[in-house]
Protein chains: 2
Amino acid sequence: MSCVQTLRELGYRMTPQRQAILEAVHTHDDHFSTEEVHEEVRARYPQVNISTVYRTLELLKELGLVTQTDLGEGILRYHHIDKGHHHHLICENCGAIIDVDESVFSPLKRELLQDYQFKANMSHFAIFGRCAKCQR
Amino acid sequence: MSCVQTLRELGYRMTPQRQAILEAVHTHDDHFSTEEVHEEVRARYPQVNISTVYRTLELLKELGLVTQTDLGEGILRYHHIDKGHHHHLICENCGAIIDVDESVFSPLKRELLQDYQFKANMSHFAIFGRCAKCQR
DNA sequence: CGCTTTATTGCAAAGGGTTGCAACAATCAA
DNA sequence: TTGATTGTTGCAACCCTTTGCAATAAAGCG
Ligand SMILES: [Mn+2]
Ligand SMILES: [Mn+2]
Ligand SMILES: [Zn+2]
Ligand SMILES: [Zn+2]
């Protein structure tokens with residue numbers, strides 16, 4: 001089901017701003033930033049304020065339609081949930097980013113549920129450390 | 001070995017500001033914020049700027065003397081490495097914080113090292129999700 | 001001790017993100 | 001179609017954190 005439908009059914013209103021933001025979110029395959037979405041939206045609706053983009057992305061995150069991740073750049077990046085689940089290992093020394101499949105976290109997720117009855121939301125993780133090259 | 005010694009041996013200079021910050025860091029058993037450290041330091045040296053506290057805590061983090069964690073409050077919190085390792089499960093719904101031992105992450109850490117030669121720095125994690133009460 | 005070197009600081013500005021508020025507009029019922 | 005309701009937006013102000021820069025001062029050496 002489309003994001004537009006989901007929002008509508010949950011009682012949220014569909015504004016031109018939200019529609020444009022949703023379209024921008026869907027055209028990106030990679031990890032997009034708020035600023036990038038804002039630029040695309042502004043190409044069509046120049047008056048749209050960036051706080052609207054922040055608020056909309058926050059809403060989409062709360063509804064589980066996008067994931068939010070801090071890759072260590074000083075900004076937050078987003079990822080449409082339809083584009084697949086994966087995580088990132090980030091080298092604190094050289095900045096290298098290694099992608100890992102979400103299955104790596106499955107045992108941990110299972111243990112947290114069994115031992116703590118905690119349902120971890122691990123849809124897009126960034127783990128910092130040292131890559132192979134950068135260890136001594 | 002004391003933090004003061006470590007800093008000195010690495011070639012960093014020991015200033016009254018740094019000494020006061022280190023003392024504040026050591027008196028806290030819990031997760032302290034930059035602001036809290038700044039207040040304690042200012043009680044003795046009123047002219048110390050908060051950016052110095054930010055810079056010093058960042059340095060201590062880079063040297064592995066403290067851990068930095070975002071518990072979802074909108075601020076960063078720190079933890080002296082001597083006070084033991086543990087992690088937190090944070091409920092996105094009710095805000096409950098469940099402490100978990102660092103051993104929960106050992107298998108994952110091992111797997112990342114074996115499969116990706118990646119040495120993960122998992123000294124103080126915050127995992128968001130839903131606690132037992134808040135699921136359904 | 002005095003001098004040189006250069007790491008560190010205070011300050012102000014900036015950057016990313018959030019928030020209060022009044023104006024606006026999507027929605028729905030009449 | 002109109003009006004009432006109330007969710008949403010633009011804007012400005014703010015919060016936390018980082019950063020450039022010139023002034024300061026710690027450290028080491030003669
Ligand atoms: Mn990703
Ligand atoms: Mn902790
Ligand atoms: Zn590396
Ligand atoms: Zn809860």
Side-chain angles (χ1 to χ4, degrees), chain A residues 3-22 24 31-39 41-42 44-63 65-78 92 95 126 128, chain B residues 3-22 24 31-39 41-42 44-63 65-78 92 95 126 128:
Chain A
C3 290
V4 174
Q5 274 307 96
T6 305
L7 286 176
R8 277 228 163 85
E9 284 175 18
L10 290 170
Y12 294 98
R13 294 181 183 173
M14 195 45 53
T15 63
Q17 290 94 327
R18 282 194 176 153
Q19 234 160 290
I21 292 169
L22 284 174
H31 309 98
F32 51 87
S33 67
T34 312
E35 183 58 44
E36 284 162 15
V37 171
H38 186 219
E39 273 167 29
V41 169
R42 240 185 346 194
R44 259 201 295 158
Y45 303 96
Q47 82 292 354
V48 173
N49 193 273
I50 197 167
S51 66
T52 297
V53 181
Y54 276 113
R55 278 191 277 233
T56 302
L57 291 177
E58 174 66 22
L59 174 63
L60 296 179
K61 170 190 144 199
E62 273 166 20
L63 299 181
L65 299 173
V66 303
T67 60
Q68 182 191 61
T69 313
D70 174 6
L71 296 175
E73 305 166 290
I75 61 170
L76 294 173
R77 290 199 173 271
Y78 296 84
E92 287 167 339
F128 295 87
Chain B
C3 289
V4 174
Q5 274 306 97
T6 305
L7 286 175
R8 276 228 163 85
E9 283 174 18
L10 290 170
Y12 294 98
R13 295 179 182 174
M14 195 44 54
T15 63
Q17 291 93 328
R18 280 191 178 155
Q19 234 159 293
I21 292 168
L22 284 174
H31 309 97
F32 51 87
S33 67
T34 311
E35 183 58 43
E36 284 162 15
V37 172
H38 185 221
E39 272 168 28
V41 170
R42 238 184 348 193
R44 259 202 295 157
Y45 304 95
Q47 82 292 354
V48 174
N49 194 275
I50 196 166
S51 66
T52 297
V53 181
Y54 275 111
R55 277 191 279 235
T56 302
L57 291 177
E58 174 66 22
L59 174 64
L60 297 179
K61 171 190 145 195
E62 272 166 19
L63 298 181
L65 299 173
V66 303
T67 60
Q68 182 191 61
T69 313
D70 174 6
L71 295 175
E73 305 165 291
I75 61 169
L76 294 171
R77 290 199 172 270
Y78 297 84
E92 289 169 338
F128 296 86

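Computed from a prediction, not measured in an experiment: that's the story for all the values here. Within every chain, numbering begins at 1; the chains are lettered A, B, ... in the order of the sequence lines, protein sequences first and strands thereafter.
In plain terms, the two heavy atoms of L63(A) and Y12(A) that are nearest each other are CD1-CE1, 4.1 Å. Between R18(A) and L59(A) the shortest heavy-atom distance is NH2-CD2, 3.9 Å. Shown here for F128(A) and D70(A), the closest heavy-atom pair between the two residues is CZ-O, 3.8 Å.
The closest side-chain heavy-atom distance from Q19(A) to R44(A) is not below 4.5 Å. Residues L7(A) and M14(A) meet the side-chain proximity criterion, which asks for heavy atoms closer than 4.5 Å.
You can see that DNA chain C meets the heavy atoms of chain A within a 4.0 Å-exclusive cut from dG16(C) to dT27(C), reading 5' to 3'.
Rounded to whole Å, the distance from CD1 on I21(A) to P on dT8(D) is 12 Å. One can place NE2 of H38(B) at 15 Å from P of dC15(D), the figure rounded to the nearest angstrom. Look at CD on E35(B): it is 11 Å from C1' on dC15(D), rounded to the nearest Å. Straight-line distance from the CD1 atom of I75(A) to the P atom of dT17(D): 18 Å, rounded to whole Å. Straight-line distance from the CD atom of E73(B) to the P atom of dT17(D): 10 Å, rounded to whole Å.
Residues passing the side chain to side chain donor-acceptor pair (under 3.5 Å) test with E35(B): none are found, sequence neighbours excluded.
Between Y78(B) and V48(A), it is V48(A) whose nearest contact on DNA chain D lies nearer the 5' terminus. Nearest-nucleotide assignment on DNA chain C puts the 5′-proximal partner with G11(B), out of Q47(B) and G11(B).
Each of T34(A), T15(A), T56(A) was evaluated against I21(A); a single residue qualifies, T56(A), per the side-chain contact (heavy atoms from CB on, under 4.5 Å) test. Under the side-chain contact (heavy atoms from CB on, under 4.5 Å) rule, Y78(B) has a single partner from L65(B), V37(B), V66(B), which is V66(B).
Residue L76(A) is classed as a sugar-phosphate contact, given heavy-atom separations below 4.0 Å to backbone atoms only.
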Protein-proximity profile, nucleotides 19-30 of chain D, B/S/- by nucleotide at the 4.0 Å heavy-atom cutoff, equals BB----BBS---

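Checked by atom type and distance alone, the side chain of H38(A) pairs as donor or acceptor with a backbone atom of V48(A) at under 3.5 Å.
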